[in-house]
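Proteins come first, then strands; the chains are lettered A, B, ... in the order of their sequence lines, and each starts at number 1.
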Amino acid sequence: MTSFSDLNLDPKVLKAIEATGYTTPTPIQAGAIPPALEGRDVLGIAQTGTGKTASFTLPMITRLGKGRARARMPRSLVLAPTRELAAQVAENFDNYAKGSRLKKALLIGGVSFKEQDMLIDRGVDVLIATPGRLIDHFERGKLLLTGVEIMVVDEADRMLDMGFIPDIERIFEMTPFTRQTLFFSATMAPEIERITNKFLSNPVKIEVERQNSTSETITQILVEHTPKAKSMAAKDKREILRAIIERDSAKADDPLRNAIIFCNRKVEVDVVAKSLKKHGYNAEPIHGDLEQSHRTRTLDGFRDGSLKFLVASDVAARGLDIPNVSHVFNFDVPSHAEDYVHRIGRTGRAGKLGTAYTLATPADGKYLDAIRSLVKADIPKGENPWTPPGGGNAAPATREEEDDKPRRTSSRTRSRSKPKSEDAPPVEAPAQVAAVEVRHEPAPQPQQRNDTQQNRNRSRGGRGRNDRDSGPRVVGLGDHVPTFIELSFDERRDEA
DNA sequence: AAAAAAC
C-alpha cells in the first residue's frame, strides 16, 4: 500500500498532509498524483467524496513550488461549477499550501471585483474560479491566461449540465497549449468525451469506483404518498417530512442529528424552510437566488452544527463536503437520476452511517424508474409515518376545500396539523448505490490527430488544440486570438 | 417540472 510519503510530493506539502492526519492516499489520489507530478495530463473519472480535490491540489502545489507569479498572469487555474465548490477548493488549497509561498485568488460571482482585482494585480500562482466571473475579469482586461501552466476542470459533468461547456472551451482556448490539464468528471458523457479529446493530450486515465464509505453506509428509504389531490402533494410532504424528523430523532440507533432537505425548485426550498421554521425547527434555505454572503453564512452554520436543517436546491447537491450529515431528504424526487446519487452522497460520508429518504407521489413514477435503473437497485420502501387527518393514504378526497386553493397560495406555509408521530417502526433495508466499475488505465494511447488543418480553419477562430500531438506546428501564442474576444457581447449572450 | 452562473 502506498503512503503519501512515497509520492514524491514537496516535503512541505507532506508536512501539511501529516497535520491533517491522513496517511494513505485514496485510489484517485494514488492514481492521479504520480502522473500529475510528472507533468502529464490526467483524466480522472471519479465522484465526489473520493478525495478528488487533493488529487489535484497536492501535485499543483508541488509543481508550482518553484517559480514566481507575475502580475495578472496566474500560473494555474482551477474551474469549478458553483461558487461553493470553488470556495471549497480554495480552502483545501489553503490547508495544503500552508508551508509554501504560493499566492491564491478565488474568483467567484456575488462578491465585489475589487478585492479579486487587487490580488490578481499582485500576481497569483493559483486562480480558483467559476467560469462566469473568470470570463468577466478577462473581458475587463484584468487577466491574462497565457501564463497558465496547469489547468484543472473539476466536476466537468456538472459543468455540462449547467451549460458551461462553451465557456470552458473558451477558457481552454485562452490558455497556452503547453499547459498541463487535469480534468475530472463523474461520468463520461459524449460531450465530455469530445472536450477531453480536444483539450487533453495523451492523458493518463484514472477511473475509480465511488468510495465504499459512501454507498455502503447509506440506508435508502422510499416513502410513498398519494395525496388526495395533486395540489396537496407539497403540503402533505411537509407533514411527512416533519413526522419522519420526529420519529428518527427519537431513534435509538443512528438517530437524526441534522439533515439536508433537497427540493427541485427554489420557491419550494423557501416554502419548506419557512414551514420548518414555523414549526420550531432550526432550518435555513440555500439556493442560487440568495445573496452570496447569506449562502456562505448558512453553509458555515450547517458545517459547524449551529444550523440543523439545511433546505437546499441542487446548488448543494454535488461535491460539497460536509461531514456528519446524518440524514438527507429528497423532498422532491430529482428529475435527473444522477442528482439522486449526488444528493444522497451528502450523507454517509467518511465512514459514517447515513440515511436518505425520498418522498414520492404517484406523479414521480418515471423519475423513480430512472433512478432505479441508474443505481441498478430498488429503493426499499419505508413506512409513511403520517396519516392525513380523517383517512387513509389513498382514500378519496374529503377535504376538497383545502385542495382548491391556487397553487401558489396553497404552497405557502400554512401547514398546521400536528404530525402524528406515532412510533411506527422504521422499515429499513439497506440499499447500495451500484458500484461503478474500477478501471485503472495508466497510459492510454496518444490520440490520433490528423484534422489539424480543419481545426485551424474553423469559424470559431481557435486553432486546433490537438496540434500538440501532431508536431510543433503552432509557434508561440501570438497567433491565437481567444474566440470570445472575436464575438460581440450580444453574440456571446446569444450563444449561451 | 429546474438549477446554476456575470454585471
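Between the CD1 atom of I286(A) and the P atom of dA3(B) there is a distance of 15 Å, given to the nearest Å. The CZ atom of F113(A) sits 7 Å away from the C1' atom of dA6(B) (whole-angstrom rounding). Summarising the geometry, the separation between CG on D270(A) and P on dA2(B) is reported as 15 Å, rounded to the nearest angstrom. Rounding to whole angstrom units, CG of residue L85(A) and C1' of dA5(B) are separated by 12 Å.
The side chain of R170(A) places no N or O atom within less than 4.0 Å of a non-bridging phosphate oxygen (OP1 or OP2) of dA6(B). In this structure, T82(A) does not reach the dA5(B) phosphate: none of its side-chain N or O atoms is under 4.0 Å from OP1 or OP2. Taking 4.0 angstrom as the limit, R83(A) places a side-chain polar atom (N or O) nearer than this to OP1 or OP2 of dA6(B).
With sequence neighbours excluded, the residues forming a side-chain hydrogen bond (donor to acceptor under 3.5 Å, both in side chains) with D289(A) are K266(A), listed by chain and number.
Residue D161(A) is classed as a base contact, given a heavy-atom separation below 4.0 Å to a base. Looking at heavy-atom distances under 4.0 Å, G163(A) makes no contact with the nucleic acid at all. When heavy atoms are screened at a 4.0 angstrom cut-off, P81(A) is found touching the sugar-phosphate backbone but no base atom. T130(A) comes within contact range of the sugar-phosphate backbone alone, with a heavy-atom separation under 4.0 Å but no base atom that close. Residue-level contact check: R295(A) touches the backbone only, with heavy atoms under 4.0 Å from sugar-phosphate atoms and none from bases.
With contacts defined as side-chain heavy-atom distances shorter than 4.5 Å, the pair M159(A)/D167(A) does not qualify.
Counting atom types as modelled, H287(A) pairs no side-chain N or O with a base atom of dA4(B) as donor and acceptor under 3.5 Å.
Note on ring orientation: taking the six-membered ring where Trp is involved, the planes of Y281(A) and F309(A) are perpendicular (angle over 60°, cut-offs 30° and 60°).
Salt bridge annotation for D369(A)-R372(A): present, with a cationic side-chain nitrogen under 4.0 angstrom from a carboxylate oxygen.
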